[in-house]
Amino acid sequence: MSRVGSVPPKNIPLAALALPVFLAALVLTGTARGSQLVDRNATDVHLQVNGKGQALITYRVGGRLRRVLGWGAMNARQPASTGKQVSFRLDYSGGWGTYHRRVWLTFADTCSRYSGPVLTNVVASCTAGDGSFWALQSWRVALPDLGFAPWLPTQRVPWLTLSHWSGETAELEAHTDWVYSGRFQQVFGRLTYQGRPVYGFGTTQLGSPTDKYGRLVFLDTLNAPKYGPGWRRENSFVTHKGTGVFCYGFFRFDPTAGGYATPPHWPRHHRRGPGVGKRYRLW
């Protein structure tokens, strides 16, 4: 899997529109959407790392103790039409399936206080003995698009993700502006890693990446009058092939078309939005 690319939350100078854009700590890894998924709805999370580059993740789901041993990935590869992106190997028996012994009883932790870049949504992090960084983060990935409040338990559940990196982090640049002669607002920018664009080589009909180089950028909007108070998920999208650029317009959308999930009894072809808010958050 990869490396973490992270950008601390901050205001982006905007020339055309005085709406702040916040960038949540962005994680670049070997999966299409970001750092690699470990589990969902995890609590009481702990992270240890040994001298072999293996992470022991201990947590609970529904009160039940779980141990996961992860290894085999550090720093994302640059996009390439041939070859595979890096990814973690995850042993959900806590190492028993790999070593046929209770690895957690003798696991030699080398973690020291985390000294890497500022991250958001951090559950556990550390600087390993070799100087590399590890982080576990919690993300609300499954929130419904177009500002709908979650109506299913699975939409509310946080995802626990793992990352491992060294050196440079990724950069997510974002700005706001007007389009169509000032009739609509947009958010645009680009995603880069080590000065080179981040992108994939294909998507499904509905826009999901079909390879592990592609990544979804999630866009949240705050206090949008059409949606209600608080942060709401506006949408997600991939960066453009070859450039890492993205551009998203705040229009009125039909939630019953384009693969969106809708609450029960939502009227067919009843449009939603635009999701223009006081602030935007991209991750």
Side-chain angles (χ1 to χ4, degrees), residues 9 11-24 26 32-34 139-159 172-191 199-200 202-210 214-241 243-283:
N11 288 325
I12 302 297
L14 304 176
L17 184 64
L19 287 178
V21 176
F22 289 84
L23 306 183
L26 175 70
R33 49 155 227 57
W139 305 97
R140 300 280 180 173
V141 175
L143 290 174
D145 293 327
L146 302 183
F148 286 116
W151 65 91
L152 297 173
T154 55
Q155 295 169 337
R156 299 184 179 92
V157 169
W159 291 24
L172 179 60
E173 175 188 349
H175 310 273
T176 59
D177 202 350
W178 297 96
V179 292
Y180 294 102
S181 301
R183 294 171 55 207
F184 303 99
Q185 294 180 15
Q186 70 167 348
V187 171
F188 67 97
R190 63 177 177 172
L191 176 59
Y199 58 88
T203 62
T204 66
Q205 185 177 1
L206 299 178
S208 297
T210 55
R215 289 168 176 87
L216 286 172
V217 176
F218 290 88
L219 171 61
D220 298 336
T221 181
L222 177 65
N223 295 338
K226 297 293 185 179
Y227 295 161
W231 285 104
R232 302 290 185 98
R233 175 66 38 76
E234 170 63 16
N235 222 320
S236 61
F237 37 81
V238 296
T239 57
H240 290 186
K241 180 180 176 181
T243 64
V245 168
F246 62 86
C247 179
Y248 180 85
F250 289 93
F251 308 119
R252 296 183 69 219
F253 293 98
D254 178 3
T256 64
Y260 294 106
T262 57
H265 312 301
W266 182 264
R268 185 170 175 81
H269 300 311
H270 182 71
R271 291 186 176 270
R272 179 89 168 156
V276 175
K278 299 297 183 182
R279 296 178 181 176
Y280 304 121
R281 178 173 64 193
L282 293 98
W283 55 278

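Scope of the values below: all heavy atoms of this structure, side chains included, with no hydrogens, waters or symmetry mates.
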**Student:** Testing the basics here: between Thr243 and Tyr199, what is the closest heavy-atom pair and its distance to 0.1 Å?
**Tutor:**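 Heavy atoms of Thr243 and Tyr199 come nearest at N-CD2, 4.2 Å.
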**Student:** Going by atom types only, do Tyr260 and Asp254 share a side-chain donor-acceptor pair under 3.5 Å?
**Tutor:**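 Note: Tyr260 and Asp254 side chains miss the donor-acceptor criterion.
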**Student:** What is the minimum heavy-atom distance between Phe246 and Ala174, and which atoms define it?
**Tutor:**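 Shortest heavy-atom contact: CZ-CB, 4.3 Å.
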**Student:** CZ of Arg233 to OG1 of Thr221: how many Å apart, nearest 0.5 Å?
**Tutor:**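 Between atom CZ of Arg233 and atom OG1 of Thr221 there are 11.5 Å.
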**Student:** To the closest 0.5 Å, what do you measure between CZ (Arg268) and OG1 (Thr262)?
**Tutor:**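 Between atom CZ of Arg268 and atom OG1 of Thr262 there are 10.0 Å.
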**Student:** Return the minimal non-hydrogen interatomic distance between Gln155 and Pro150, and the atom names on each side.
**Tutor:**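 Smallest interatomic distance, heavy atoms only, reads OE1-CA, 3.4 Å.
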**Student:** Taking all non-hydrogen atoms of both residues, which atom of Trp151 and which atom of Pro264 are closest, and how far apart?
**Tutor:**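 For Trp151 and Pro264, the tightest heavy-atom pair comes out as CD1-CD, 3.7 Å.
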**Student:** If you round to the nearest 0.5 Å, how far is CZ of Phe253 from CG of Asn235?
**Tutor:**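 Answer for the CG-CZ pair, Asn235 versus Phe253, is 6.0 Å.
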**Student:** Roughly how far apart are Leu222 CG and Lys278 NZ, rounded to 0.5 Å?
**Tutor:**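 Rounded to the nearest 0.5 Å, the CG-NZ separation comes out at 9.5 Å.
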**Student:** Could you tell me whether Arg190 atom CZ has more than 12 heavy atoms of other residues or ligands within 6.0 Å of it?
**Tutor:**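 Not buried by this count: 12 neighbours or fewer within 6.0 Å.
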**Student:** At what distance, to the nearest 0.5 angstrom, does CG of Leu219 lie from CZ of Arg232?
**Tutor:**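 The CG atom of Leu219 sits 14.5 Å away from the CZ atom of Arg232.
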**Student:** Within a strict 4.5 Å, meaning less than it, do heavy atoms of the Gln185 and Trp178 side chains meet?
**Tutor:**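 A side-chain contact under 4.5 Å exists here.
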**Student:** For ring pair (Phe, Tyr, Trp, His ring centres under 6.0 Å), just list the numbers for Trp266 and Phe148, CA-CA rounded to whole Å, side-chain angles, deciding distance to a tenth of an Å, and then say yes or no.
**Tutor:** CA-CA 11 Å; Trp266 182 264; Phe148 286 116; 4.9 Å; yes
**Student:** Tell me, with the steps shown, if Phe250 and Lys226 meet side chain to side chain contact (heavy atoms under 4.5 Å, CB included).
**Tutor:** CA-CA 12 Å; Phe250 289 93; Lys226 297 293 185 179; over 6 Å; no
**Student:** Which pair of heavy atoms, one from Pro274 and one from Tyr227, lies closest together, and at what distance?
**Tutor:**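 Nearest heavy atoms, Pro274 then Tyr227: C-OH, 4.3 Å.
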**Student:** If I compare all heavy atoms of Cys247 with all of Gln186, which pair ends up nearest, and what's the gap?
**Tutor:**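 Taking every non-hydrogen atom into account, SG-OE1, 2.7 Å.
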**Student:** Give the C-alpha distance, both sets of side-chain angles, the deciding distance and a yes or no for side chain to side chain contact (heavy atoms under 4.5 Å, CB included) between Leu216 and Val238.
**Tutor:** CA-CA 5 Å; Leu216 286 172; Val238 296; 3.8 Å; yes
**Student:** Going by atom types alone, do Glu234 and Tyr248 pair a side-chain donor with an acceptor below 3.5 Å?
**Tutor:**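 Per modelled atom types, Glu234 and Tyr248 side chains form a pair under 3.5 Å.
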**Student:** Nearest 0.5 angstrom please: Leu172 CG to Leu191 CG, how far?
**Tutor:**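 That separation rounds to 6.0 Å.
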**Student:** Answer yes or no: is there a side-chain heavy-atom contact under 4.5 Å between Val141 and Phe218?
**Tutor:**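 A side-chain contact under 4.5 Å exists here.
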**Student:** For Phe188 and His175, run side chain to side chain contact (heavy atoms under 4.5 Å, CB included): C-alpha distance rounded to whole Å, both residues' side-chain angles, the deciding distance at 0.1 Å, then the answer.
**Tutor:** CA-CA 5 Å; Phe188 67 97; His175 310 273; 3.5 Å; yes
**Student:** Return yes if some donor-acceptor pair links the side-chain N/O of Arg272 with the main-chain N/O of Leu146 below 3.5 Å, else return no.
**Tutor:**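 It does hold such a pair.
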